[in-house]
Amino acid sequence: MTQDEMKRKAAEAAAEYVVTDAIIGVGTGSTVNHFIDVLADMKGRIEGAVSSSEASTKLMEERGIKVYDLNEVNDIPVYIDGADESDHYLNLIKGGGGALTREKIIAGASDKFVCIADESKLVDVLGAFPLPVEVIPMARSYIARELVKLGGRPVWRENFITDNGNVILDVHDLQILEPVKMENEINKLAGVVTVGLFCNRPADVLILGAPEGARTVMPKTA
Ligand code: 5RP
């Protein structure tokens, strides 16, 4: 089974978390694109969606799903999104698609965060996937120097501008043993918009697509 077929399995399994008559939070990426197909088949059962990117908005509107501005919405019972890595506590690295800031906002505004991924995304320690950091353009070099001090090797994602008009530094060579501490340390640097560590608000449920089907992982307790 291909990685994409495993992503599809996870997306299909997420259908059971869709809340009838509600506005659903929708993430970004190739796994979520499968989920948008699933959601389109159920669109009569939901009121609509809030979207974490221009790309997901376009896809949902093409499929007839009503997309609301987050400012119009009071209650999001569930947010469904992919990840680049998850540890066993469901701390995540996200932002491979560059949508990390809007993703983190919607994750924070939602009651439940269901992460969908293929099984290769589950790791013991975060950091093999380069950690994305969204940065205000004028702060790029300054933040890169600060990220080096934290032990990383930042690489500017060239020819890429986020939906918010900012740039991304992808930080290589990190072994993230204290994810909450790392999230807080990077977040507090002036010029950082968002770091792609989702640990202060991790996922609540992880659905992993695998050749034998989809399995649900709950966060390990310390
Ligand atoms: C986008 C993200 C994605 O969820 C993450 O990159 C996973 O993408 P994919 O489902 O394509 O593997 O964080 O900003």
Side-chain angles (χ1 to χ4, degrees), residues 2-4 6-7 10 27-33 52-53 55-56 81-105 107-108 113 115-203 206 208-209 217 219-220:
T2 66
Q3 190 180 24
D4 196 56
M6 290 189 260
K7 290 178 180 191
T28 298
S30 56
T31 317
V32 166
N33 289 349
S52 65
S53 64
S56 290
D81 196 2
D84 300 301
E85 280 184 351
S86 173
D87 69 12
H88 295 271
Y89 300 92
L90 310 195
N91 295 311
L92 310 175
I93 287 185
K94 291 185 46 53
L100 61 165
T101 297
R102 296 185 189 192
E103 291 173 341
K104 199 177 271 197
I105 293 168
F113 179 1
C115 183
I116 53 177
D118 69 86
E119 64 177 0
S120 71
K121 305 287 183 76
L122 184 62
V123 299
D124 290 332
V125 177
L126 299 174
F129 188 92
L131 175 65
V133 183
E134 180 167 353
V135 174
I136 300 283
M138 71 165 282
R140 191 188 79 236
S141 298
Y142 160 62
I143 296 298
R145 290 192 294 276
E146 294 299 309
L147 292 168
V148 169
K149 288 182 197 163
L150 293 175
R153 183 171 58 84
V155 175
W156 177 23
R157 199 181 294 181
E158 288 192 71
N159 304 314
F160 183 86
I161 298 289
T162 69
D163 287 346
N164 312 307
N166 299 312
V167 298
I168 300 266
L169 295 170
D170 292 304
V171 191
H172 296 246
D173 300 343
L174 289 174
Q175 213 200 5
I176 305 172
L177 298 172
E178 295 180 286
V180 173
K181 187 169 172 229
M182 177 76 79
E183 181 177 9
N184 292 341
E185 280 191 16
I186 297 177
N187 261 342
K188 75 184 181 200
L189 298 170
V192 167
V193 178
T194 311
V195 55
L197 277 168
F198 286 52
C199 311
N200 284 292
R201 201 287 179 244
L206 172 64
L208 289 176
V217 179
K220 186 175 163 184

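A quick note: this is a predicted structure, and the numbers were derived from the prediction, not measured.
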With rounding to the nearest 0.5 angstrom, report the CG to OG distance, Leu100 to Ser53.
11.5 Å

Got a second to check how far Lys121's NZ is from Gln3's CD, nearest 0.5 Å?
6.0 Å

Let's go through Leu197 and Leu126 carefully: what are the C-alpha distance in whole Å and the side-chain angles of both, what is the deciding distance for side chain to side chain contact (heavy atoms under 4.5 Å, CB included) to 0.1 Å, and is it a yes or a no?
CA-CA 9 Å; Leu197 277 168; Leu126 299 174; 3.9 Å; yes

Considering all heavy atoms, the nearest Asn166-Pro137 contact:
OD1-CD, 3.4 Å

When you measure from the side chain of Arg102 to the backbone of Asp163, do you find a donor-acceptor pair of N or O atoms at a distance under 3.5 Å?
yes

Rounded to the nearest 0.5 Å, what's the gap from CD on Glu119 to NZ on Lys7? Could you check?
13.0 Å

Would you name the heavy atoms of Pro219 and Tyr89 that are closest together and state the gap between them?
CB-O, 3.7 Å

Taking only residues two or more places apart in sequence, or in another chain, which ones meet Ser52 in a side chain to side chain donor-acceptor pair (under 3.5 Å)?
Thr28

Are any side-chain N or O atoms of Glu85 and backbone N or O atoms of Gly127, one a donor and one an acceptor, separated by less than 3.5 Å?
yes

Which heavy-atom pair separates Pro202 from Leu90 by the least distance, and what is that distance?
CB-O, 3.1 Å

Work out which heavy atom in Pro179 is nearest to a heavy atom in Asp87; give both atom names and the distance.
CG-OD2, 4.2 Å

State the OG-CZ distance between Ser86 and Phe198, to the nearest 0.5 angstrom.
12.0 Å

When you measure from the side chain of Asn91 to the backbone of Val180, do you find a donor-acceptor pair of N or O atoms at a distance under 3.5 Å?
no

Could you report the tightest heavy-atom contact between Gly98 and Glu134, atom names first, then the distance?
O-OE1, 4.5 Å

Calculate, to the nearest 0.5 Å, the distance between atoms CG and CD1 belonging to Leu131 and Ile176 respectively.
5.0 Å

Taking the side chain as C-beta and beyond, is there a heavy-atom pair between Ile161 and Val167 under 4.5 Å?
yes

Checking side-chain hydrogen bond (donor to acceptor under 3.5 Å, both in side chains) for the pair Asp4/Thr2: CA distance, chi angles, key distance, verdict?
CA-CA 5 Å; Asp4 196 56; Thr2 66; 5.5 Å; no

What's the verdict on side chain to side chain contact (heavy atoms under 4.5 Å, CB included) for His88 and Asp124, showing C-alpha distance, side-chain angles and the deciding distance?
CA-CA 7 Å; His88 295 271; Asp124 290 332; 2.9 Å; yes

Should Leu169 and Val155 be marked as a side chain to side chain contact (heavy atoms under 4.5 Å, CB included) after you check the CA-CA gap, both sets of side-chain angles, and the distance that decides it?
CA-CA 5 Å; Leu169 295 170; Val155 175; over 6 Å; no

Full working for side chain to side chain contact (heavy atoms under 4.5 Å, CB included) between Cys115 and Leu92
CA-CA 9 Å; Cys115 183; Leu92 310 175; 4.1 Å; yes

Non-neighbouring partners of Thr31 that pass side chain to side chain donor-acceptor pair (under 3.5 Å), sequence neighbours left out:
none

What I want to find out is whether Glu183 reaches Lys104 closely enough, with some N-O distance under 4.0 Å, to be called a salt bridge.
yes

Please answer whether the main-chain N or O of Ser120 pairs with a side-chain N or O of Asp118 as donor and acceptor at a distance below 3.5 Å.
yes

What's the spacing between Glu185 CD and Asn187 CG if we round to 0.5 Å?
10.5 Å

For Ile105, is there any backbone N or O sitting under 3.5 Å from a side-chain donor or acceptor partner on Arg201?
no

Grab the two heavy atoms, one from Pro130 and one from His172, that are nearest each other, plus how far apart they are.
CG-CE1, 3.4 Å

